[in-house]
Amino acid sequence: MEILRSAVSQVSPDKVPTGGGAVGKVTEVPPLKKTAEPPVKPVSEKQVQDAVDQANKLAVAFDRSLKYEYKKEADVYQVSVIDTSKDEVVRKIPPDEVVRFMENIRELFGALLDVNA
(Lines give C-alpha, C1' and ligand atoms only; values in the text may rest on other atoms or scores of the structure.)
Protein backbone atom coordinates (compact mmCIF):
# COMPACT_ATOMS: atom_id res chain seq x y z
CA MET A 1 0.00 0.00 0.00
CA GLU A 2 2.89 2.33 0.80
CA ILE A 3 4.33 1.82 -2.68
CA LEU A 4 1.01 2.88 -4.23
CA ARG A 5 0.89 6.04 -2.09
CA SER A 6 4.42 7.04 -3.06
CA ALA A 7 3.68 6.41 -6.74
CA VAL A 8 0.53 8.55 -6.59
CA SER A 9 2.29 11.36 -4.74
CA GLN A 10 4.93 11.58 -7.48
CA VAL A 11 2.38 12.18 -10.22
CA SER A 12 1.86 15.90 -10.83
CA PRO A 13 -1.58 17.28 -11.72
CA ASP A 14 -0.56 17.86 -15.33
CA LYS A 15 0.58 14.25 -15.76
CA VAL A 16 -1.52 11.11 -15.58
CA PRO A 17 -0.49 7.47 -15.55
CA THR A 18 -1.43 5.49 -18.63
CA GLY A 19 -1.09 1.86 -19.50
CA GLY A 20 -2.19 -1.22 -17.61
CA GLY A 21 -2.05 -1.78 -13.86
CA ALA A 22 -0.95 0.54 -11.06
CA VAL A 23 2.42 1.26 -12.65
CA GLY A 24 2.45 2.59 -16.18
CA LYS A 25 3.93 5.28 -18.36
CA VAL A 26 3.29 8.88 -17.36
CA THR A 27 2.28 11.16 -20.20
CA GLU A 28 1.74 14.91 -20.35
CA VAL A 29 -1.84 16.15 -20.42
CA PRO A 30 -2.39 19.47 -22.20
CA PRO A 31 -4.00 22.15 -20.00
CA LEU A 32 -7.68 22.86 -20.53
CA LYS A 33 -8.35 25.83 -22.75
CA LYS A 34 -10.55 28.49 -21.25
CA THR A 35 -13.27 29.61 -23.60
CA ALA A 36 -13.82 33.32 -23.85
CA GLU A 37 -17.19 34.50 -22.63
CA PRO A 38 -19.20 36.38 -25.23
CA PRO A 39 -19.38 40.12 -24.59
CA VAL A 40 -22.51 41.31 -22.83
CA LYS A 41 -24.54 43.59 -25.07
CA PRO A 42 -26.61 46.36 -23.50
CA VAL A 43 -30.37 45.86 -23.75
CA SER A 44 -32.38 48.67 -25.28
CA GLU A 45 -35.65 49.93 -23.87
CA LYS A 46 -37.45 48.69 -27.01
CA GLN A 47 -36.12 45.16 -26.44
CA VAL A 48 -37.38 45.25 -22.84
CA GLN A 49 -40.80 46.49 -23.98
CA ASP A 50 -40.98 43.75 -26.64
CA ALA A 51 -40.14 41.12 -24.01
CA VAL A 52 -42.82 42.53 -21.69
CA ASP A 53 -45.41 42.46 -24.50
CA GLN A 54 -44.51 38.88 -25.34
CA ALA A 55 -44.77 37.87 -21.66
CA ASN A 56 -48.19 39.52 -21.43
CA LYS A 57 -49.41 37.62 -24.53
CA LEU A 58 -48.19 34.35 -23.04
CA ALA A 59 -49.80 35.13 -19.68
CA VAL A 60 -53.21 35.67 -21.34
CA ALA A 61 -53.15 32.06 -22.51
CA PHE A 62 -53.11 31.00 -18.84
CA ASP A 63 -55.82 33.48 -17.70
CA ARG A 64 -53.16 35.65 -16.14
CA SER A 65 -52.06 39.21 -16.68
CA LEU A 66 -48.94 40.99 -15.51
CA LYS A 67 -48.76 44.42 -13.97
CA TYR A 68 -45.38 46.16 -13.68
CA GLU A 69 -44.91 48.77 -10.99
CA TYR A 70 -41.85 50.82 -10.01
CA LYS A 71 -41.33 51.17 -6.26
CA LYS A 72 -39.38 54.41 -5.93
CA GLU A 73 -38.55 54.05 -2.21
CA ALA A 74 -36.94 50.64 -2.80
CA ASP A 75 -35.65 51.51 -6.30
CA VAL A 76 -37.03 48.25 -7.68
CA TYR A 77 -39.65 47.06 -10.16
CA GLN A 78 -42.38 44.78 -8.80
CA VAL A 79 -44.42 42.48 -11.01
CA SER A 80 -47.96 41.51 -9.96
CA VAL A 81 -49.39 38.31 -11.46
CA ILE A 82 -53.17 38.73 -11.69
CA ASP A 83 -55.75 35.99 -12.23
CA THR A 84 -58.01 37.58 -14.86
CA SER A 85 -60.95 35.25 -14.20
CA LYS A 86 -61.15 36.26 -10.50
CA ASP A 87 -59.47 39.66 -10.85
CA GLU A 88 -57.17 39.03 -7.88
CA VAL A 89 -53.43 39.18 -7.35
CA VAL A 90 -51.93 35.69 -7.38
CA ARG A 91 -48.32 36.64 -6.66
CA LYS A 92 -45.99 39.61 -6.48
CA ILE A 93 -42.37 39.38 -7.55
CA PRO A 94 -40.50 40.38 -5.42
CA PRO A 95 -42.99 39.96 -2.56
CA ASP A 96 -44.20 43.01 -0.62
CA GLU A 97 -42.15 41.93 2.42
CA VAL A 98 -38.93 42.04 0.40
CA VAL A 99 -39.83 45.45 -1.05
CA ARG A 100 -40.52 46.82 2.46
CA PHE A 101 -37.23 45.35 3.68
CA MET A 102 -35.37 47.06 0.82
CA GLU A 103 -37.12 50.35 1.62
CA ASN A 104 -36.12 50.06 5.29
CA ILE A 105 -32.50 49.26 4.42
CA ARG A 106 -32.30 52.26 2.10
CA GLU A 107 -33.87 54.48 4.78
CA LEU A 108 -31.45 53.17 7.44
CA PHE A 109 -28.48 53.60 5.11
CA GLY A 110 -29.62 57.14 4.32
CA ALA A 111 -29.93 57.95 8.05
CA LEU A 112 -26.41 56.67 8.65
CA LEU A 113 -25.05 58.87 5.91
CA ASP A 114 -26.90 61.92 7.29
CA VAL A 115 -25.49 61.34 10.81
CA ASN A 116 -21.93 60.93 9.57
CA ALA A 117 -22.01 63.90 7.20
Looking only at atom types and distance, does a side-chain atom of Thr84 sit under 3.5 Å from a main-chain N or O of Asp63, one as donor and one as acceptor? yes
Using the test side chain to side chain donor-acceptor pair (under 3.5 Å), find all partners of Asp87 that sit at least two apart in sequence or belong to another chain. none
Applied to residues 70-96, the ring pair (Phe, Tyr, Trp, His ring centres under 6.0 Å) test, sequence neighbours excluded, yields Tyr70-Tyr77
Members other than Ile82 in its cluster, when Ile, Leu, Val, Met, Phe, Trp, Tyr link by side-chain heavy atoms under 4.5 Å? Val89
Tell me whether the count of non-hydrogen atoms from other residues, nucleotides or ligands lying under 6.0 Å of CD in Gln54 goes above 12. no
Which residues share a side-chain contact (heavy atoms from CB on, under 4.5 Å) with Glu97, sequence neighbours left out: Pro95, Arg100
Of all residues at least two apart in sequence or in a different chain, which pass the ring pair (Phe, Tyr, Trp, His ring centres under 6.0 Å) check with Tyr68? none
Tell me, please, which residues at least two apart from Lys57 pass side-chain contact (heavy atoms from CB on, under 4.5 Å). none
For Lys46, all residues meeting side chain to side chain donor-acceptor pair (under 3.5 Å), sequence neighbours excluded: Asp50
Restricting to salt bridge (charged side-chain N to carboxylate O under 4.0 Å, His left out), what partner residues turn up for Asp83, sequence neighbours left out? Arg64
What do you reckon, is CD of Glu107 surrounded by more than 12 foreign heavy atoms closer than 6.0 Å? no
Kindly compute the distance separating CG (Leu66) from CZ (Arg91), expressed to the nearest 0.5 Å. 11.5 Å
Which residue pairs pass the salt bridge (Lys or Arg N to Asp or Glu O under 4.0 Å) test with at least one member in residues 68-77, sequence neighbours excluded? Glu69-Lys71
Remaining members of Val76's ILVMFWY cluster at a side-chain heavy-atom cut-off under 4.5 Å? Val98, Val99, Met102
Between atom CD of Gln49 and atom OG of Ser44, what is the distance when rounded to the nearest 0.5 Å? 10.5 Å
Heavy-atom pair of closest approach, residues Arg106 and Ala74: CD-O, 3.6 Å
Cluster membership besides Ile105, Ile/Leu/Val/Met/Phe/Trp/Tyr side chains within less than 4.5 angstrom, sorted by chain and number, is Phe101
With sequence neighbours left out, what residues match Glu45 under side chain to side chain donor-acceptor pair (under 3.5 Å)? none
